[in-house]
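For reference, the structure is listed below as C-alpha cells.
Values below: all heavy atoms of this structure, side chains included; hydrogens, waters and symmetry mates excluded. Convention: sequence-line order gives letters A, B, ...; per-chain numbering from 1.
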Amino acid sequence: RKEVEQDPGPFNVPEGATVAFNCTYSNSASQSFFWYRQDCRKEPKLLMSVYSSGNEDGRFTAQLNRASQYISLLIRDSKLSDSATYLCVVNGNTGNQFYFGTGTSLTVIP
Amino acid sequence: DAGVTQSPTHLIKTRGQQVTLRCSPKSGHDTVSWYQQALGQGPQFIFQYYEEEERQRGNFPDRFSGHQFPNYSSELNVNALLLGDSALYLCASSRGGELFFGEGSRLTVL
C-alpha cells in the first residue's frame with residue numbers, strides 16, 4: 001500500500017467554483033501534514049501546513065482527520081491562477097522522511 | 001537571500017553513464033533531501049543528508065549515492081544510468097520543518 005494516496009483527477013472547474021481534494025495516508029504515526037502546489041514544469045512550493053484543528057488561509061481550508069487518516073483541501077471561489085497540481089505530503093516514522101502523493105491536477109476554466 | 005539552487009538544470013546522458021547533480025541549500029538550512037519525480041508522478045524520496053551523513057534513505061538502489069559537504073551543499077550521484085532514471089531530480093532543504101525545493105535538474109537518459 002502506498003504511504004499517501006490521492007485522486008489524480010484531473011479536476012476541471014469553472015471560475016468561482018468550490019473544489020475539494022482528498023488524501024489518505026497509511027502511517028498512523030505520522031505527525032506532520034502539508035499541501036504543496038506544483039505548477040507545470042516547476043518545483044513544488046508549500047501551500048499550507050495541516051493542523052489537527054484544521055486551518056484556513058484565505059480561500060483555502062485544510063482539514064485533518066487522524067481517526068480516518070485523511071487530509072483534505074478545500075478551495076473556494078476558484079481563480080484561474082489556482083490551476084496547478086496539488087500534492088499531499090505526510091512525514092514518515094522518523095519525521096525526517098516526507099512522502100508525497102501523486103498529486104491532483106486542477107484546471108480552472110474561464 | 002538565495003533559495004535552493006541546483007545545477008545543471010537540464011542534461012542528457014546515455015545508458016550506462018554516470019551523472020552528478022549539485023544542490024546548494026537555502027541560507028540557514030542544514031538538511032538536504034533529494035527526490036526523483038517521474039512525469040505525472042509525485043516526488044519520490046531518495047535520501048536525506050544531515051551533518052554530512054546520510055540520515056534516511058528511500059527505496060532506491062545503491063546506484064544512487066550522495067554526499068553532503070561542510071557548507072551543507074550536496075551532490076547526488078547516479079551510476080550505470082538506465083532509461084528509467086529519466087526524471088526531474090529535486091533537491092529540498094530544511095531546518096526542522098518545511099521543505100524548500102530547488103527548480104530541479106531534468107535528466108534525460110537515451
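Heavy atoms of Tyr35(B) lying under 4.5 Å from chain A belong exclusively to its side chain. Using a 4.5 Å cut-off between heavy atoms, Gln6(A) does not touch chain B at all.
Checked by atom type, the side-chain pair Asn22(A)/Ser72(A) shows no donor-acceptor distance below 3.5 Å. Under 3.5 Å, the side chains of Gln18(B) and Thr20(B) contain a donor-acceptor pair of N or O atoms. For the residue pair Gln69(A)/Tyr25(A), the side-chain donor-acceptor check at 3.5 Å is not satisfied. Side-chain polar atoms of Gln37(B) and Gln38(A) form a donor-acceptor pair below 3.5 angstrom.
Per-residue heavy-atom pair counts under 4.5 Å with chain A were compared for Ala92(B), Gly42(B), Gly58(B), and the maximum is reached by Gly42(B).
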Task: CA sep, side-chain torsions, deciding dist, call: Asp39(A), Lys45(A), salt bridge (charged side-chain N to carboxylate O under 4.0 Å, His left out) - done: CA-CA 9 Å; Asp39(A) 293 292; Lys45(A) 293 184 179 178; over 6 Å; no

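The local environment of OH in Tyr51(A) is sparse, with at most 12 non-hydrogen atoms from other residues, nucleotides or ligands closer than 6.0 Å.
Among the candidates Arg57(B), Gln56(B), Gln48(B), the single residue satisfying the side-chain hydrogen bond (donor to acceptor under 3.5 Å, both in side chains) test with Gln97(A) is Gln56(B).
Listed in order of number, the residues of residues 98-110 of chain B that approach chain A to under 4.5 Å between heavy atoms are Glu98(B), Leu99(B), Phe101(B), Gly102(B), Glu103(B), Arg106(B).
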